[in-house]
Number of protein chains: 2
Amino acid sequence: MDTKNRIMETADKLFYFQGYQSTGINQIIAEANVAKGSLYNHFPSKRELGHAYVKQSSEEWFKGIEEELEAYSDPTQKLLAIFSFSEKYAQINHFNGCRLINILTEVTDQDDQITTMAVAHKQKFREFLYQLTTKIFTNSAQALEISDTIYLLYEAATVESKIFKNKWPIELARKNATQILAQNQIPNNK
Amino acid sequence: MDTKNRIMETADKLFYFQGYQSTGINQIIAEANVAKGSLYNHFPSKRELGHAYVKQSSEEWFKGIEEELEAYSDPTQKLLAIFSFSEKYAQINHFNGCRLINILTEVTDQDDQITTMAVAHKQKFREFLYQLTTKIFTNSAQALEISDTIYLLYEAATVESKIFKNKWPIELARKNATQILAQNQIPNNK
DNA sequence: GTCTATATTGTGATAGAC
DNA sequence: GTCTATCACAATATAGAC
């Protein structure tokens, strides 16, 4: 593997599992077996490496979600499949939560590009859910309310499964999302 | 105000708004107008100051919740009042989220006392909600499912209002919690 | 208890040889 | 492009005067 990829892989592991602020350049170059000069050749600063990490984290996450949803054609099933992805993601990542939320919490500067990119990622996810939901509910206000509720449930599932190191929040979020979609989808034929 | 309180007040402000890892001892003593020796007289290490911060954050939060709920006697109204508290807390704190979740994300060591205390805080909140919910639903399994769902909604509201710097997640969480309680509370008289 | 001064280690970043 | 060596500065923590 080439130098840049070794740096990125090590940075991803350390930024995510050890924390962005708690991880120094020295540790990254040591574990990636790269000289300090080489790192600064590819990334002019730690912040720029952070930007690359955030960009990659977002892209990989959406890639994973889209692959998971590919298996379904029904929008309701697609919407519920996000919780299956959440469970897989959590298991692979030892219940360490969302890369974007984690770094957003660590970088408190609102004007920092890391913050901007993380918020944009979440906004993109909300819109992704809304697009799926409008295929089920034609009323756009109702669709937005339902898609954002599913968004809240998904996010809570991620954060709380990290806190408790357990998948119960994901299961419960999925159950609630299922009920919400079932309640609203078919009008009561009385 | 005495030295210890000045340290605690400054530490609270900086740990919460600037971040625990991003805040150094030097900045705390400078802004609190205290000498380094004085800080280390009261707190033997930064970690111990962190423990005190977490303990105080948890106590203040529960105090705020309990004061908010005092106004109501009906358990359903009490449960919904947590979202009114959330809104007040968010507004006072400039949508900076939960002190416990934030520091939990920054301190990645699972064995650290800060982590343990933050998880215990969340567990205590879950039990608090469960106790209120059992007053409405006698079936304990159903009560747990409903109380944990409200817990998830509350947590998502806090985290997402921090991300978007907006109260819409709190309003939406409250609306969903209202529906869940209404749907289950009164059996359909057909 | 509070202060000044200092010790020690680690940080992000740079210069220049190869 | 990658390396070694080194910079200036900030981190946590300690020693000892008052």
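Throughout, protein chains are lettered first and strands after them, A, B, ... in sequence-line order, and every chain is numbered starting at 1.
- Atom CD in A:Gln18 sits about 10 Å away from atom P in C:dT11, given to the nearest Å.
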Could you walk me through whether B:Val54 and B:His121 pass the side-chain contact (heavy atoms from CB on, under 4.5 Å) check?
-> CA-CA 9 Å; B:Val54 169; B:His121 168 91; over 6 Å; no
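- You'll find that the side chain of B:Lys36 is closest to C:dA5, out of D:dC3, C:dG12, C:dA5.
- Atom-to-atom, CD1 of A:Ile25 to C1' of D:dA10 comes out at 16 Å; the value is rounded to the nearest Å.
- Between A:Asn41 atom CG and C:dC18 atom C1' the separation is 15 Å, expressed in whole Å.
- Close to D:dA10, at under 4.0 Å from its OP1 or OP2, lies no side-chain N or O of B:Asn26.
- The side chain of A:Lys46 approaches C:dG12 more closely than any other nucleotide in the set D:dT12, C:dC3, C:dG12.
- Looking at heavy atoms from C-beta onward, A:Ile150 lies in side-chain contact with A:Ile82 at the 4.5 angstrom threshold.
- A:Gly37 comes within 4.0 angstrom of a nucleotide base, judged by non-hydrogen atoms across all strands.
- For B:Gln21 and C:dG10, the CD to C1' distance is 14 Å, given to the nearest whole Å.
- Summarising the geometry, the separation between CD1 on B:Ile29 and P on D:dT14 is reported as 14 Å, rounded to the nearest angstrom.
- Hydrophobic side-chain contacts under 4.5 Å tie B:Tyr130 into a cluster, directly or through other members, with B:Leu144.
- Within the nucleic acid shown, A:Ser22 has no heavy atom closer than 4.0 Å to any nucleic acid atom.
- A close approach under 4.0 Å does not occur between any side-chain nitrogen or oxygen of A:Thr3 and OP1 or OP2 of D:dG1.
- OP1 and OP2 of D:dG1 both lie 4.0 Å or more from every side-chain N or O belonging to A:Ser38.
- Distance from the side chain of B:Tyr40 is smallest for D:dA13 among the nucleotides C:dC3, D:dA13, D:dT2.
- The nearest whole Å value for the distance from the OH atom in B:Tyr20 to the P atom in D:dA11 is 14 Å.
- Atom CZ of A:Phe43 is separated from atom C1' of D:dG1 by 14 Å (rounded to the nearest Å).
- The number of heavy atoms from other shown groups lying within 6.0 Å of OH (A:Tyr72) does not exceed 12.
- In summary, B:Glu160 and A:Lys122 do not engage in a salt bridge, as defined by a charged side-chain N under 4.0 Å from a carboxylate O.
- One can place CD of B:Gln27 at 10 Å from P of D:dT12, the figure rounded to the nearest angstrom.
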